[in-house]
Amino acid sequence: MSSNEQGIEGIIKFIALKNAAEYNGKARVETVIAKAFAARQDLRGSVKSLLPKIKAIVHDINLLSSVEQQALLEEIAPDEEKKVEVQSHQRSTSIQKLPPLPSAVLGQVVTRFPPEPNGYPHIGHAKAAIIDEEYARMYNGKLILRFDDTNPLNEKEEYYDAILEGLEWLRVRPNIVKNTSDDILKLHELGKKLVQLDGAYVCTCSQTTIHDLRSKGLPCQCRADSNTSLELLQKMFDGSFDKNAAIIRFKGEMADQNTAMRDPTLFRIIDADHPKIGTRIRVWPTYDFASPIEDSLDGVSHAMRTKEYELRNELYFEILDRLGLQKPFMMEFSRLELDGIPVSKRKIKPLVENGMVKSWDDPRLPTLMGFKRRGFLPESIREFVLTLGLTLAETKPPFEALEALNRKRLDPQSMRLFFVKNPVELCVQNGIPKEVILKNHPNSELGIRRLRVSSSFFIPQEDAEKFSIGDEFRLIELYNLKLVEKQSKNNKLVLVATVTGDEVRQNMPKIQWVAKNDIVPYQVIIPKHLYVGEEYNTKSLEIAEGFAESFVSTLQPDTRIQFVRFGFCRIDGNHKAIFTHK
Ligand code: ATP
Ligand code: MG
């Protein structure tokens, strides 16, 4: 037994007894496991070794009468309850947990994350993938990453790679990675079978006719001619039809209240080069067909998707029913949306293609690469999506909540350095040249830096403009000054001040500075909301120009720092950082 499994027996007994008390004296192994792991996350890796123990405890407890169970619970409760509470409390200050899955059996949960490789992954995908992964881990099951690549017009190798890279950055590690296109022949076979079973038919009507009849709730001639559809089916697969000349449609109910059941398209003919398959396949399934079939063939136990698909659930199950295939348990959660930032590939892609943002990793975008570039940590994103949990409510979580989680992590590990935006020169009359030692962080071991100062500095314009003659202020970690004069040199403001002391005083403004002999020109890119209301924000990328202390230019790209009184930033390149958040 590993050290973290110590003391677990009491907790398991306690949880099992409570569970038994709630359910007529019969505790369930799965529930006890889920609760035990919820209370003690550190045990998740030990499922295998703990399982027999948990089973034995539950077995023994279920043999007791309810009076005996009650007595035992009272005996152990005071101690064990505390442990469970302490652990749950510790957890709630770290990462939130998801509620148990319905009808889940330990070791048999299979979830899947099915992105289409038609763009770069975004924070909405993070939500879906992390929830899928958390559940797979919670039940010692499997996570499948399935590229839903059945539209060769949209898929690109670059996007498969970007999704893999994004998930790797998030540390979402699927147990199986596959493509829907791997199964294209099986999908064909099942599609043909559905037609043969009269559960679908080939339709050669024009797009406008289909659209028109669908909105009127009326069937077309093709639907009535089921006999010919077998012939047409043959033609569809042997290449006799041009692209878009025929489709396979589900035989639903044209007048169905649920419009998703009005004979939706299951297969269409597309002539395009598929990144994995090439041009040898022309008949491609739609999402509506591929998704239930793949879930079923992959043995998915719990299929989770966003609420937008709710109306399609009926179709999903009906397809599986008609083909006699095993059905997963379907669950929905709300789409993650953010104010002023579009969280959907179909909205992000045009921004990239039209040059409204620079690239998929533009820091204004909610893509994982955008967040990474901006300085967000993958752990913060995981915590953020887990705190949102499985709600169905379409609320937009405040971006500030994500920032707060990230700040908590960045704060202890980011050096505090000086950047002066819109610098204004400051001459210190009695400033003597000296070496100063600055701590890189007040309370952790992030080292020190030494620099020489003399009598010339720069301070931010915003501060300089506020000060009046006679005002006192402090240059952080250096000394206090009194403003003597405000001059204008070549139309530029210059402040003249005199040193008044060293001691830190409560109400004195404390400002960042750079020494004139130790500066590098520096740019901080500040991403703002891409949209204000429905309008594209033409000022969504602000650039702050100024001077940083020269030490900053020695830092490697990707270093995360805090510019004092400015905000957290990530070094993005030579003389350039990206603003993460305050
Ligand atoms: P598109 O706009 O092209 O449909 P998408 O952004 O919706 O793209 P998909 O590839 O369709 O991405 O989605 C893959 C999976 O991620 C689906 O299970 C989907 O439900 C989930 N997903 C996509 N966007 C979000 C989101 N904003 N919030 C939560 N889950 C999402
Ligand atoms: Mg989608």
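Counting starts at 1 for both ligands and their atoms, in listed order.
For Phe250 and Tyr201, the gap between ring centers reaches or exceeds 6.0 Å. The six-membered or imidazole ring of Tyr135 lies away from that of His302, with a centre-to-centre distance of 6.0 Å or more. Aromatic rings of Phe563 and Phe568 (six-membered ring for Trp) have centroids beyond the 6.0 Å cut-off, not under it.
When only non-hydrogen protein atoms are considered, atom 17 (C) of ligand 1 lies nearest to Pro114 CD, 4.5 Å. Summary of contacts: the protein heavy atom closest to atom 4 (O) of ligand 1 is Arg346 NH2, 2.4 Å. Here the protein heavy atom with the shortest distance to atom 11 (O) of ligand 1 is Tyr309 OH, 4.0 Å. With respect to atom 13 (O) of ligand 1, the closest heavy atom belonging to the protein is His125 NE2, 3.5 Å. Looking from atom 28 (N) of ligand 1 to the surrounding protein, the closest heavy atom is Leu336 N, 2.8 Å. For atom 5 (P) of ligand 1, the closest heavy atom belonging to the protein is Lys345 CE, 3.7 Å.
By the criterion of a heavy-atom distance under 4.0 Å, neither the backbone nor the side chain of Lys347 is placed next to ligand 1.
Between Phe333 and ligand 1, not a single N/O pair is under 3.5 Å apart. At under 3.5 Å, a nitrogen or oxygen of His122, whether backbone or side chain, sits near a nitrogen or oxygen of ligand 1. Considering backbone and side-chain N/O of Arg335, one or more are found under 3.5 Å from N/O of ligand 1. For ligand 1, none of its N or O atoms has an N or O atom of Glu308 under 3.5 Å away. The N/O atoms of Ser344, backbone and side chain alike, include one that comes under 3.5 Å of an N/O atom in ligand 1.
Side chains of Asn406 and Ser380: a donor-acceptor N/O pair is present below 3.5 angstrom, by distance only. At a cut-off of 3.5 Å, with distance as the only test, a side-chain donor of Thr209 or Ser206 sits close to an acceptor on the other residue. For the 3.5 Å distance criterion, the side chains of Tyr120 and Glu158 qualify, holding a donor opposite an acceptor. A donor-acceptor contact closer than 3.5 angstrom links the side chains of Asn118 and Lys345. Residues Asn151 and Tyr287 bring no donor and acceptor atom of their side chains to less than 3.5 Å of each other. Side-chain N/O atoms of Thr279 and Asp273 include no donor and acceptor closer than 3.5 Å.
Across the listed options Asn118, Thr306, Ile163, Thr306 owns the non-hydrogen atom lying nearest to atom 20 (O) of ligand 1. Scanning Gly124, Ala129, Pro115 for the heavy atom closest to atom 26 (C) of ligand 1 points to Gly124.
Using a 30° and 60° split on the angle between ring planes, Phe399 and His529 fall in the perpendicular class, above 60°.
Less than 4.0 angstrom separates some heavy atom of Val343 from each of these atoms of ligand 1: 27 (N). Ligand-side atoms of ligand 1 in range of Ala128: 16 (O), 21 (C), 30 (N), range being under 4.0 angstrom from any heavy atom. The ligand atoms of ligand 1 that sit less than 4.0 angstrom from a heavy atom of Phe113 are 15 (C), 16 (O).
Remark: Lys276 is not positioned above the aromatic ring of Phe147, lacking an NZ or CZ atom under 6.0 angstrom from the ring centre and at most 45 degrees off the axis.
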